[in-house]
J.: 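Next up is a structure, given as structure tokens.
Along the sequence shown, residues carry numbers from 1. Each ligand, and each atom within it, is numbered from 1 in the order the structure gives.
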Amino acid sequence: MNIAFQIPKPMDAHVHFREGKMLDLVVPHTARQFSRAVVMPNLSDPIFKLKQAESYHQQIIDVSGDGFEAFMTLYLTPDSVSQLAMWTPQHVVKAVKMYPKGATTNSDAGVSDLEAVFPVLEIMEVKNIPLLIHGEVSDEGVDVFDRERRWVDEGLEQIVKRFPKLRIVCEHITTQEAAAFVRESGENIGATITPQHLLHDRNVMLGNGIKPHWYCKPILKRKEDRDALLDLVVSDTGRVFAGTDSAPHTKNNKECDCGCAGVYSACSAVELYMTAMESVLDFEKESNQGIARRFLSENGPKFYQVSVSEEMMTIRKGETLIPNSFEVGKEVLIPIMAGESLGWKI
Ligand code: NCD
Ligand code: ZN
């Protein structure tokens with residue numbers, strides 16, 4: 001079977017670049033496979049202000065070179081009002097990210113009282129700025145496997161009712177409930193899905209020894225949930241797109257007593273997505289190649305109201321070996337499926 005097809009160079013609508021030596025390593029991995037990425041603001045010193053986003057943007061472009069477009073995001077707090085009052089569409093900031101307080105890495109400054117950020121959402125609705133949501137309740141009393149479904153019922157419904165025109169991306173969705181919500185929503189609601197949530201359910205992480213490099217937030221769910229995500233991609237709504245949530249943490253910070261949440265996938269992201277989609281799509285059919293093209297390259301730009309990349313990339317059957325590790329100064333970074341081989345290459 002000798003399949004090869006071309007797609008416009010994809011967009012990664014959700015990525016973590018970090019800073020310093022880690023940024024130097026991971027930005028080129030993303031820029032190799034993606035023409036554009038939406039960059040998350042949860043640095044240890046979060047990106048609250050437009051000025052911070054400008055200087056972080058410069059650090060990224062200094063490493064990637066000019067061919068790559070970084071869409072910056074602001075970390076939502078009640079104070080975002082003053083920043084967004086100054087915002088214009090030409091700014092490098094293209095969206096605002098909402099973290100529930102305590103839900104994930106560097107989310108201490110996240111939202112604990114939804115109504116306190118309503119004035120921000122009001123401005124965003126008027127100025128047509130997308131809201132990117134980490135959709136989990138962060139109440140420690142709620143089971144970690146239920147935190148996303150609870151958010152859909154308790155938080156998301158409330159925001160959508162109150163701000164019906166606000167453009168929202170439900171980031172890294174992982175459950176049947178979130179998939180159904182997105183499927184039934186209107187044109188202003190989109191979603192990203194990571195490669196890991198399309199590839200596997202929680203058995204891969206917990207079923208046979210504990211595999212920390214599959215651990216991320218939201219945590220991998222059941223088989224039925226993964227099936228619902230794959231179904232959503234196959235049903236080709238036009239509002240669901242690649243967002244890797246590639247989130248590098250050093251080996252020491254993953255393989256320890258209290259390991260960090262985050263999967264590193266940027267080095268082989270497109271091959272991982274193809275491997276996952278191949279489980280439900282026969283890529284000998286051109287129509288199915290079209291589904292991959294829209295998911296990887298077209299739906300993200302469409303949602304962000306920008307043009308699709310003019311640069312083309314060829315995806316073909318062939319072997320890709322995922323590296324065992326990368327050096328980050330004196331530390332080590334382990335990618336997901338390290339040392340394994342995939343049946344697709346770009
Ligand atoms: C992300 C990180 O490490 O910054 N971790 C993760 O597990 N996905 C934060 C996030 O997107 O939740
Ligand atoms: Zn993320």
J.: Does ligand 1 have a heavy atom under 4.0 Å from the side chain of Gln196, from its backbone, from both, or from neither?
T.: neither
J.: Using a 4.0 Å heavy-atom threshold (strictly under), name the region of Asn42 that reaches ligand 1: side chain, backbone, both or neither.
T.: side chain
J.: Any atoms of ligand 1 less than 4.0 Å from a non-hydrogen atom of His172? List them with their elements.
T.: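 Those qualifying, in numeric order: 11 (O).
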J.: Please confirm whether Ala261 comes within less than 3.5 Å of ligand 1 when only nitrogen or oxygen atoms on both sides are compared.
T.: yes
J.: Using the six-membered ring of Phe5, assess whether NZ or CZ of Arg293 lies under 6.0 Å from its centre and within 45 degrees of the ring axis.
T.: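 Not flagged: Arg293 not positioned over aromatic ring of Phe5.
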J.: Please confirm whether Lys97 comes within less than 3.5 Å of ligand 1 when only nitrogen or oxygen atoms on both sides are compared.
T.: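 Checking ligand 1 against Lys97, no N or O pair falls under 3.5 Å apart.
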J.: Verify the cluster assignment for Val120 and Val93: are they in a single hydrophobic cluster under the rule of side-chain heavy atoms below 4.5 Å apart?
T.: yes
J.: Considering only NZ, NE, NH1 and NH2 on the basic side and carboxylate oxygens on the acidic side, decide whether Glu278 and Lys317 come within less than 4.0 Å.
T.: yes
J.: Inspect the contact between Lys251 and Glu255 and indicate whether a charged nitrogen and a carboxylate oxygen are less than 4.0 angstrom apart.
T.: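 Result for this pair is yes, salt bridge flagged.
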J.: Is Lys254 reaching over with its side chain to a backbone N or O of Tyr215, donor-acceptor style, under 3.5 angstrom?
T.: yes
J.: Number the atoms of ligand 1 from 1 as they appear, then name those within less than 4.0 Å of a heavy atom of Cys216, with their elements.
T.: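 Once the distances to Cys216 are compared, the set is 7 (O).
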J.: Taking N, O or S atoms only and a limit of 2.8 Å, check whether Asp245 reaches the Zn ion (ligand 2).
T.: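 For Asp245, the answer is yes, given that an N, O or S atom comes within less than 2.8 Å of the Zn ion (ligand 2).
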J.: Going by the atom numbers of ligand 1, which of them fall below 4.0 Å from some non-hydrogen atom of His14?
T.: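 Per the distance check, 11 (O).
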J.: Check Ala247 against ligand 1 and report side chain, backbone, both or neither, counting heavy atoms closer than 4.0 Å.
T.: side chain
J.: Between the candidates Asn253, Thr104, Val15, Ile219, which shows the shortest non-hydrogen contact distance to atom 12 (O) of ligand 1?
T.: Thr104
J.: Give the minimum heavy-atom separation between Val332 and Ser325, together with the two atoms involved.
T.: CG1-CB, 3.7 Å
J.: Between Ser235 (side chain) and Leu232 (backbone), is there a donor-acceptor pair under 3.5 Å?
T.: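 Yes, because the side chain of Ser235 sits within donor-acceptor range (under 3.5 Å) of the backbone of Leu232.
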J.: At their closest point, which heavy atom of His249 faces which heavy atom of Ala261, and how far apart are they?
T.: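 Closest approach of His249 to Ala261: NE2-O, 2.7 Å.
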J.: Is ligand 1 less than 4.0 angstrom away from at least one heavy atom of Met40?
T.: no
J.: With respect to the Zn ion (ligand 2), please indicate if His134 possesses an N, O or S atom at a distance under 2.8 Å.
T.: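 Of the N, O and S atoms in His134, none lies under 2.8 Å from the Zn ion (ligand 2), which means no.
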J.: Decide, yes or no, whether a salt bridge links Asp146 with Arg149 under the criterion of side-chain N to carboxylate O below 4.0 Å.
T.: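 Yes.
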J.: In the protein, which heavy atom is nearest to atom 8 (N) of ligand 1, and how far is it?
T.: Asp245 OD2, 2.7 Å
J.: Under 3.5 Å, side chain of Asn288 to main-chain N/O of Asp282, donor-acceptor pair present?
T.: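 Yes, the answer is positive, given that a donor and an acceptor are paired below the 3.5 Å cut-off.
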J.: Applying ring-ring contact (aromatic ring centres under 6.0 Å, His included) between Tyr273 and each of Phe34, Phe295, Phe241, Phe283, report the one that passes.
T.: Phe295
J.: Is any N, O or S atom of His172 under 2.8 Å away from the Zn ion (ligand 2)?
T.: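 Short answer: no, not a single N, O or S atom is under the cut-off.
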J.: With atoms numbered from 1 as shown, which atoms in ligand 1 lie under 4.0 angstrom from a non-hydrogen atom of Lys217?
T.: 6 (C), 7 (O), 8 (N), 12 (O)
J.: Any nitrogen or oxygen of Tyr99, side chain or backbone, less than 3.5 Å from one on ligand 1?
T.: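 No; the residue has no nitrogen or oxygen that sits under 3.5 Å from a nitrogen or oxygen of the ligand.
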J.: Regarding ligand 1, does His16 bring an N or O atom to under 3.5 Å of one of the ligand's N or O atoms?
T.: yes
J.: With backbone taken as N, CA, C and O and side chain as the heavy atoms from C-beta onward, which portion of Glu171 lies under 4.0 Å from ligand 1: side chain, backbone, both, or neither?
T.: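 Neither; no heavy atom under 4.0 Å.
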J.: For ligand 1, which atoms sit closer than 4.0 Å to a heavy atom of Gly262?
T.: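 Numbered from 1, ligand 1 contributes 5 (N), 6 (C), 7 (O).
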J.: Is the closest basic N to carboxylate O distance between Asp227 and Lys223 below 4.0 Å?
T.: yes
